[in-house]
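We name chains A, B, ... by the order of the sequence lines, and we start the count at 1 in each one. Fair warning: this is a prediction, and the values are worked out from it, not measured in the lab.
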Amino acid sequence: MTTIEQMLSDWMRDAFQRTLPEITEGWGTVAVVVTTSAEFGDYQCNQSMGFAKLLKRNPRQIAEAVIKHAAPLEAMAKLEIAGPGFINITLNQEWLASRVDEAGRDLHCGTPQIGAGKTVILDYSSPNVAKPMHIGHIRSTVIGNALDRLHRFLGYRVISDNHLGDWGTQFGIMIMGYRHYADPVALEAEPVEELERVYVKSYERSKQDETWLSQARQELVKLQTGDPDNRRLWQQFVELSLKEFGHIYKRLDVTFDLVRGESYYNDRLAGVVQTLLDQGLARESDGALVAFLDDEKLPPCIVKKTDGGFNYATTDLATIQSRISEFNPSKIVYVTDERQQNHFRQVFAVARKLGCKTHLEHVWFGLMRLPEGTFSTRQGNVIKLEKYLDEAEARALAVVKESSPEMPEARQKDIARAAGIGAVKYTDLSQNPQSLVTFTWEKALALDGNSAPYLQYAYARIASVQDKYRDLYPKTDLETYPIRLGEPIERVLAIMILRFPETVLRATESYKPSVLADYLYELASAYSTFYQNVPFIKAPEGVRESRVRLCTVVAKILRQGLNLLGIETPDRI
RNA sequence: GCGCCUGUAGCCUAAUGGACAAGGCAUCUGACUUCGGAUCAGAAGAUUACAGGUUCGACUCCUGUCAGGCGCGCCA
């Protein structure tokens, strides 16, 4: 299966090549794109202007010649030239209807399986052990998970890996804090909260108390050299943290294929540094071992500290090495906040010097802030993720109770959960990840307008149309009626349906789930117009069945699309 | 100081170098004795931070300025 955009682009390129044989290169730029406005048809090609410049010819004449040379195409209803030389394509009505029919039957709604046979590793979420997840973790988790689902949908073999921060120097401080300050009762009730509390307390003390600090360092060394007591403590921190993270991942419907913390790669660190030394890629500088990079703009990358310890760059290099040898991926994708851009540029540069051929991609997103400034533990304005999700569900529940007071409470809660969590996810997925985000409750948990509940609502209404139809016509086989696109809005819907595959591809290739979210909103919006203005159950036979079938395909796309974003689609809302 | 990123109606956000800059919130008008009103139809709201440049064509690319964010060898 190929997308319409792809098919039309190939066809158009062929027409251009026959028209302008004197041009020998640059054919890759010939492409057909969705029109900017419906008045220009369905798809457009802007290439005439580009070649006109090159050949010093009139772009409209080129466009006319191209149309003459174009091979006949079943899908085509109309080819027109407009403005300075745009070639506008209008698709054939019957052909559209048959493609909608096909998309409705296809397992992937017509999306090509471009990932078949390829492996991709997705590294996202990655919270630190012994610290509760806060609102800053939501973006990596939600965006990473959407990319995860998108890749799987395209046929990739995906290995999602939660690369926990479980091996830093903070564990010396942590162990000291735990031994001296931990409250067994609090530890029982809210383990990770308590771990964070004792960590902060121990950290504060280490800043004033030299003895404390050096004891912490010793505890760290003991841990890293395998001291059984410290090892057991550390193990406990990890387990407690994982248990609590697990609750959140369950609420967010996020699962990982691997949960390997930094500690997993500990044994490989020395080897990585040795390789760098052997290959002359790292050398001693101010007592540390440093890899210098060719790019002037990148600072050198420290791979071994003066105290002999390794740092996160070393770990990431070892991780890459390990992942490649174990999984042989075609790419590795990291989803983190913007602050790590330099770090990954460094690591990728060193990895390539070491001969890494795997495509390495850092997908970064803007930090979340408050209107009054940054989140910080010290100011105590950090919002815990658990609380954020609770608030989202509570707000949604209030709306459900208002609009469906007769509904059983358990049901109300289910819907509130789907809508609340959906809203939270949609907030992060519907905008360009790289923009700066200023957090407000009102914005993050909006339930109207361009939001998850709007899409869920559209879906639920379709589900109810289908139910109603089955009640009224239990014996009719819908499939025996053809899809017909009579009303303009039906045609709009058909075109929207057929754009799903190319949208999924673009969202994945640009690592922007927002591209898909945008599309789904437009689709739901078109559907709402259709729903509100065109009768279907009440339409005459034939038209009625065609419209119900169209609804079914829209429902399928909405469901699939929202699923790719990790957003539930309840049948009632 | 250097580097990376961001600047689009009152607010929040769209727009693979293409046609008149697209939506949502808030505001104002309309639409339920008819398939679900968390909806729909419509109105109003913009010198795309500023100044240059490249281009047939710039929110988009280049240069400079201003404002904000983030980062700048031994924390991850």
Side-chain angles (χ1 to χ4, degrees), chain A residues 5 31 33-37 39-40 44 46 49-50 52-53 59 82-86 88 126 128 165-170 262 285-292 296-313 315-316 336-343 345-346 364 366-367 369 374 396 399-400 402-404 419 427 430-432 434-438 440 442-443 446-451 453-454 456-458 460-461 463-465 468-469 472 506 509-510 514-515 517-518 521-522 525 528-539 544 547-548 551 572-573:
Chain A
E5 206 171 65
V33 295
V34 170
T35 50
T36 48
S37 163
E39 64 179 299
F40 304 133
Q44 66 181 71
N46 311 326
M49 281 85 81
K53 163 90 178 163
F86 297 108
N88 292 338
S126 309
N128 286 326
D166 69 348
W167 203 241
T169 47
Q170 74 268 27
E262 291 161 346
S285 166
D286 293 333
L289 286 178
V290 178
F292 288 89
E296 293 292 325
K297 287 175 185 171
L298 283 179
C301 179
I302 292 180
V303 293
K304 189 174 184 182
K305 302 186 285 184
T306 38
D307 67 4
F310 303 106
N311 62 4
Y312 67 126
T315 309
D316 277 341
T336 81
D337 73 55
E338 59 184 322
R339 291 175 300 185
Q340 304 206 27
Q341 287 177 81
N342 260 340
H343 164 67
R345 275 188 205 140
Q346 290 176 313
W364 59 268
L367 274 182
R369 313 164 40 73
T374 49
V399 175
V400 176
E402 171 90 28
S403 63
S404 313
T427 295
S430 63
Q431 62 179 317
N432 183 341
Q434 304 189 342
S435 58
L436 235 64
V437 176
T438 303
T440 62
E442 193 182 299
K443 181 171 49 144
L447 303 172
D448 55 0
N450 186 354
S451 69
Y454 176 89
Q456 291 168 320
Y457 181 69
R461 287 206 297 195
S464 114
V465 165
K468 187 140 291 176
Y469 183 85
L472 292 171
R506 194 171 309 126
E509 282 163 359
S510 62
S514 59
V515 170
D518 232 41
Y521 178 69
E522 242 183 280
S525 192
S528 295
T529 298
F530 171 63
Y531 179 87
Q532 204 85 14
N533 298 306
V534 178
F536 25 97
I537 297 289
K538 288 172 185 159
R544 177 175 63 222
R547 287 184 180 159
V548 172
C551 282
R572 296 285 178 277
I573 186 165

Go through the structure and list residues passing ring pair (Phe, Tyr, Trp, His ring centres under 6.0 Å) with A/Tyr457, not counting sequence neighbours.
-> none
Kindly express the pairing pattern of RNA chain B in dot-bracket notation, using | wherever a base pairs with another strand and counting only Watson-Crick or G-U pairs under 3.5 Å.
-> (((((((..((((....[...)))).(((((.......))))).....(((((..]....))))))))))))....
With sequence neighbours left out, what residues match A/Ala463 under side-chain contact (heavy atoms from CB on, under 4.5 Å)?
-> A/Asp571, A/Arg572
Who are the side-chain contact (heavy atoms from CB on, under 4.5 Å) partners of A/Asn342, not counting sequence neighbours?
-> A/Leu298, A/Arg345
Strictly under 3.5 Å: I want the nitrogen or oxygen pairs between protein and nucleotides 43-50 of chain B, one per line.
none

For A/Glu338, the salt bridge (charged side-chain N to carboxylate O under 4.0 Å, His left out) test, sequence neighbours excluded, returns none
Could you pull out all residues at least two apart from A/Asn450 that satisfy side-chain contact (heavy atoms from CB on, under 4.5 Å)?
-> A/Tyr426, A/Tyr521
Taking only residues two or more places apart in sequence or in another chain, which ones pass side-chain contact (heavy atoms from CB on, under 4.5 Å) with A/Ser403?
-> none
Residues which pass salt bridge (charged side-chain N to carboxylate O under 4.0 Å, His left out) with A/Arg339, listed by chain and number, not counting sequence neighbours = A/Asp337
Under 3.5 Å, which protein N or O atoms sit close to an N or O of nucleotides 20-28 of chain B? Give each pair with its distance.
| unit_1 | atom_1 | unit_2 | atom_2 | d |
| --- | --- | --- | --- | --- |
| B/C20 | N4 | A/Glu39 | OE1 | 3.2 |
| B/C20 | N4 | A/Glu39 | OE2 | 2.7 |
| B/G24 | O2' | A/Asn450 | N | 3.3 |

Using the test ring pair (Phe, Tyr, Trp, His ring centres under 6.0 Å), find all partners of A/Phe536 that sit at least two apart in sequence or belong to another chain.
-> A/Phe530, A/Tyr531
Could you write out each protein N or O paired with an N or O of nucleotides 66-71 of chain B at a distance under 3.5 Å?
| unit_1 | atom_1 | unit_2 | atom_2 | d |
| --- | --- | --- | --- | --- |
| B/G69 | O3' | A/Arg369 | NH1 | 3.4 |

